[in-house]
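Input: a single structure, listed below in structure tokens.
Ligands are counted one by one from 1 in listed order, and the atoms in each one are counted from 1 as well. As the structure is a prediction and not an experimental result, all values here were calculated from the model. Positions are given from 1, in the same order as the sequence printed here.
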Amino acid sequence: LNKYHGIFPAFYACYEDNGDISPERTEAFTNYLIEKGVQGLYVGGSSGECIYQNIEERKIVLESVMKAAKGKITIIAHIAAPSTRESIELAKHAESLGVDAIAAIPPIYFVLPDHAIYQYWTDMIEATGLDFFIYNIPGTTHYNLSMDLFKKMIRNKKVIGIKNSSMPAQDIQKFKAAGGEDFIVFNGPDEQFVSGRIIGADAGIGGTYAAMPELFLAADKAINESNLKLAREIQFAINDIIFTVLSCTGNLYAVFKEILKRKGMNIGGARLPLAPVAPEDEPVILSLMDKIDTA
Ligand code: HMN
């Protein structure tokens, strides 16, 4: 059975009330998601707020996740850091913990030429024996993976898939066609999970799955059973929730974490500069609690 199928929540950073990384809450949240029935976790990505954590903190997060998840579900560790040097350190650390695969965005801040991105990814790939997923997320990195670089990357046998968060669903079709049948494509934009799966994504990694895993698991099941009418209905319910959260003053993750807290899963807030939940978000959060429970 392919271990890269189904629903992979992009794991949320779990903090103490004072904002420190919380190993206990990280472990508890991992167990919570395993009990929901997810097939894997994507740890240390955007939703994991990796951008706002130092290397030591990122190691603690992965260690705590692995303590709860090792051998139970598939773990992909996002290990990209601003420098190649730190990315390699994180890659080796992830390998020592026994993760299934690593993944990385292209370099951030400076938008570098393809040859430099190729070198950045290749250096971290060569640092371990692990499988690797390319992470294409132009909305945040301002770099849109070229087909040329994609084709160059997949000549390396360790490159077994891509998490694609570009908005055109047709990009998924292109990567799947060029990568071949066994090449794994993860859908990135949660608002297009159903479209992404239908056009060729094998599975999904998403930043809102952790807040509503039931809905994504149900959508995935409906697609597998070719019940497209139901899949679309679930996607509409999901999008209604996402669009509502995006209308809040508080950041997307801050709002979803607040909802999780009120459902009994306290993993703290989001780190600044991500905006915390604001007083004017209160009625929206109350309406979302109902929507998430009854959807
Ligand atoms: C990750 O890297 O942690 C996430 O999987 C990123 C993911 O693609 C999310 N994109 C961003 O946060 C920019 C989406 O899941 C996104 O949260 C969702 O589509 C809602 O807009």
Please lay out, stage by stage, how Phe11 and Tyr42 fare under the test ring-ring contact (aromatic ring centres under 6.0 Å, His included). CA-CA 6 Å; Phe11 194 75; Tyr42 186 75; over 10 Å; no

Do [Y] and [X] meet the salt-bridge criterion of a basic N to acidic O distance under 4.0 Å?
X	Y	answer
Glu63	Lys67	no
Glu225	Lys221	yes
Glu282	Arg262	yes

Start with the C-alpha distance between Phe133 and Phe186, add both sets of side-chain angles, then the distance that settles ring-ring contact (aromatic ring centres under 6.0 Å, His included), and finish with yes or no. CA-CA 9 Å; Phe133 286 91; Phe186 279 100; 5.4 Å; yes

Just list the N/O pairs, ligand 1 to protein, that are under 3.5 Å apart, with the distance for each.
{"from": "ligand 1", "atom 1": "2 (O)", "to": "Ser46", "atom 2": "N", "distance (Å)": "3.0"}
{"from": "ligand 1", "atom 1": "2 (O)", "to": "Ser46", "atom 2": "OG", "distance (Å)": "2.8"}
{"from": "ligand 1", "atom 1": "2 (O)", "to": "Tyr135", "atom 2": "OH", "distance (Å)": "2.5"}
{"from": "ligand 1", "atom 1": "3 (O)", "to": "Ser46", "atom 2": "N", "distance (Å)": "3.1"}
{"from": "ligand 1", "atom 1": "3 (O)", "to": "Ser47", "atom 2": "N", "distance (Å)": "2.8"}
{"from": "ligand 1", "atom 1": "3 (O)", "to": "Ser47", "atom 2": "OG", "distance (Å)": "2.9"}
{"from": "ligand 1", "atom 1": "5 (O)", "to": "Lys163", "atom 2": "NZ", "distance (Å)": "3.2"}
{"from": "ligand 1", "atom 1": "8 (O)", "to": "Lys163", "atom 2": "NZ", "distance (Å)": "3.0"}
{"from": "ligand 1", "atom 1": "8 (O)", "to": "Ser165", "atom 2": "OG", "distance (Å)": "2.9"}
{"from": "ligand 1", "atom 1": "12 (O)", "to": "Tyr253", "atom 2": "OH", "distance (Å)": "2.8"}
{"from": "ligand 1", "atom 1": "15 (O)", "to": "Asp190", "atom 2": "OD1", "distance (Å)": "2.8"}
{"from": "ligand 1", "atom 1": "15 (O)", "to": "Asp190", "atom 2": "OD2", "distance (Å)": "3.2"}
{"from": "ligand 1", "atom 1": "15 (O)", "to": "Gly207", "atom 2": "N", "distance (Å)": "2.7"}
{"from": "ligand 1", "atom 1": "19 (O)", "to": "Asp190", "atom 2": "N", "distance (Å)": "2.9"}
{"from": "ligand 1", "atom 1": "19 (O)", "to": "Glu191", "atom 2": "OE1", "distance (Å)": "2.7"}
{"from": "ligand 1", "atom 1": "21 (O)", "to": "Glu191", "atom 2": "OE2", "distance (Å)": "2.6"}

Donor-acceptor contacts under 3.5 Å from residues 198-208 side chains, at least two apart:
{"from": "Asp202", "atom 1": "OD1", "to": "Lys176", "atom 2": "NZ", "distance (Å)": "2.9"}
{"from": "Asp202", "atom 1": "OD2", "to": "Lys176", "atom 2": "NZ", "distance (Å)": "2.9"}
{"from": "Asp202", "atom 1": "OD2", "to": "Val185", "atom 2": "N", "distance (Å)": "2.8"}
{"from": "Thr208", "atom 1": "OG1", "to": "Asp190", "atom 2": "OD2", "distance (Å)": "2.7"}

